[in-house]
Amino acid sequence: MKRLYVALCFLSIALALCIFEQYTVRDAYKNATAYLNTAIEALENEDYEKAQQTCKSLNYYWGEKQRYMTAMIDHGSLDDASLTINSLEELAESKSDSLQDQLITAKNQIKSIYENQKITFGNVF
């Protein structure tokens, strides 16, 4: 009977970690995409101050979420997205022409992370 309780305990821990991982990735995708959309809109309106502030907020937000996601998901795609997001603030400060391209790249990388972490039959097996 003790084995059954231990197995149930491990099963409940694994289930809780899966739920936490799904929530964290979905939340990071939703909020980071909102930051990126705001920055893209600010660039289209030539409001570089708002774009810079948004990129700074995104960098801080992503740093907070990255701590948890590093323990749960593939490091390759996460590191690529993190490098892109970390470079956005500097590009916004210098009003670089490639900022909008990098914002779109970051958006695509985050979407790729989200799509790869969703619970689907292909991702489980």
Nearest 0.5 Å, please: how far is NE2 in His75 from CE in Met69? 11.5 Å
Non-hydrogen side-chain atoms of Asn31 and Tyr61 separated by less than 4.5 Å: yes
Would you confirm whether Asp27, through its side chain, and Tyr23, through its main-chain N or O, come within 3.5 Å as a donor-acceptor pair? no
Using a 4.5 Å cut-off on heavy atoms from C-beta on, say whether the side chain of Lys95 contacts that of Leu99. no
CG of Asn86 to CG of Leu91, rounded to nearest 0.5 Å, is 11.0 Å
How long is the gap from SG on Cys9 to CG on Leu4, to the nearest 0.5 Å? 11.5 Å
More than 12 non-hydrogen atoms from neighbouring residues, nucleotides or ligands closer than 6.0 Å to NZ on Lys50, yes or no? no
Quick check: is Met1 connected to Val6 through a chain of hydrophobic side chains (ILVMFWY, heavy atoms under 4.5 Å apart)? no
For a side chain to side chain contact (heavy atoms under 4.5 Å, CB included) with Leu15, tell me which candidate from Ile19, Leu11, Ile13 qualifies. Ile19
Distance check, rounded to the nearest 0.5 Å: Cys18 atom SG versus Gln117 atom CD? 10.5 Å
How close do Ala92 and Gln52 get, counting heavy atoms only, and between which atoms? CB-CA, 3.6 Å
Any side-chain to backbone donor/acceptor pair from Gln109 onto Ile85? Under 3.5 Å, distance only. no
Side-chain donor-acceptor contact under 3.5 Å, Lys107 with Asn37: yes
Is a side-chain N or O of Asn59 found less than 3.5 angstrom from the main chain of Cys55, in a donor-acceptor match? no
Please say whether more than 12 non-hydrogen atoms of neighbouring residues, nucleotides or ligands are located less than 6.0 Å from CG in Asp97. no
Other residues, nucleotides and ligands only: do more than 12 of their heavy atoms fall within 6.0 Å of CD on Glu64? yes
Checking Gln100 against Ile104 for the side chain to side chain contact (heavy atoms under 4.5 Å, CB included) test, could you report, in this order, the C-alpha distance in whole Å, the side-chain angles of both residues, the deciding distance, and whether it holds? CA-CA 6 Å; Gln100 187 159 4; Ile104 293 170; 4.3 Å; yes
Roughly how far, to the nearest 0.5 Å, is OG1 of Thr38 from CG of Leu103? 10.5 Å
Go through it in stages, so that I can follow the logic: the residues are Thr33 and Lys111, the test is side chain to side chain contact (heavy atoms under 4.5 Å, CB included), and I'd like the CA-CA distance, side-chain angles, deciding distance and then a yes or no. CA-CA 8 Å; Thr33 302; Lys111 184 176 183 178; over 6 Å; no
I want to check something: taking the side chain as every heavy atom from C-beta on, are Tyr68 and Glu21 in contact at a cut-off of under 4.5 Å? no
Are Leu36 and Leu83 connected in a single hydrophobic cluster, I mean Ile/Leu/Val/Met/Phe/Trp/Tyr linked by side-chain heavy atoms less than 4.5 Å apart? no
For Asp80, enumerate each residue passing the salt bridge (charged side-chain N to carboxylate O under 4.0 Å, His left out) test, keeping only those at least two apart in sequence or located in another chain. none
Would Phe20 and Met72 count as a side chain to side chain contact (heavy atoms under 4.5 Å, CB included) if you check the C-alpha gap in whole Å, the side-chain angles of each, and the deciding distance to 0.1 Å? CA-CA 10 Å; Phe20 177 72; Met72 297 181 276; 3.9 Å; yes
Backbone N/O of Gln53 and side chain of Ser57: donor-acceptor pair under 3.5 Å: yes
Search all heavy atoms of Leu78 against all heavy atoms of Ile113 and return the closest pair with its distance. CA-CD1, 3.9 Å
Could you give the distance from CH2 (Trp62) to OH (Tyr35), rounded to the nearest 0.5 Å? 12.5 Å
Kindly determine whether Asp47 and Glu41 satisfy side chain to side chain contact (heavy atoms under 4.5 Å, CB included), including the steps that lead there. CA-CA 9 Å; Asp47 187 359; Glu41 288 175 16; over 6 Å; no
Check: Glu90 main-chain N/O paired with Ser94 side-chain donor or acceptor under 3.5 Å: yes
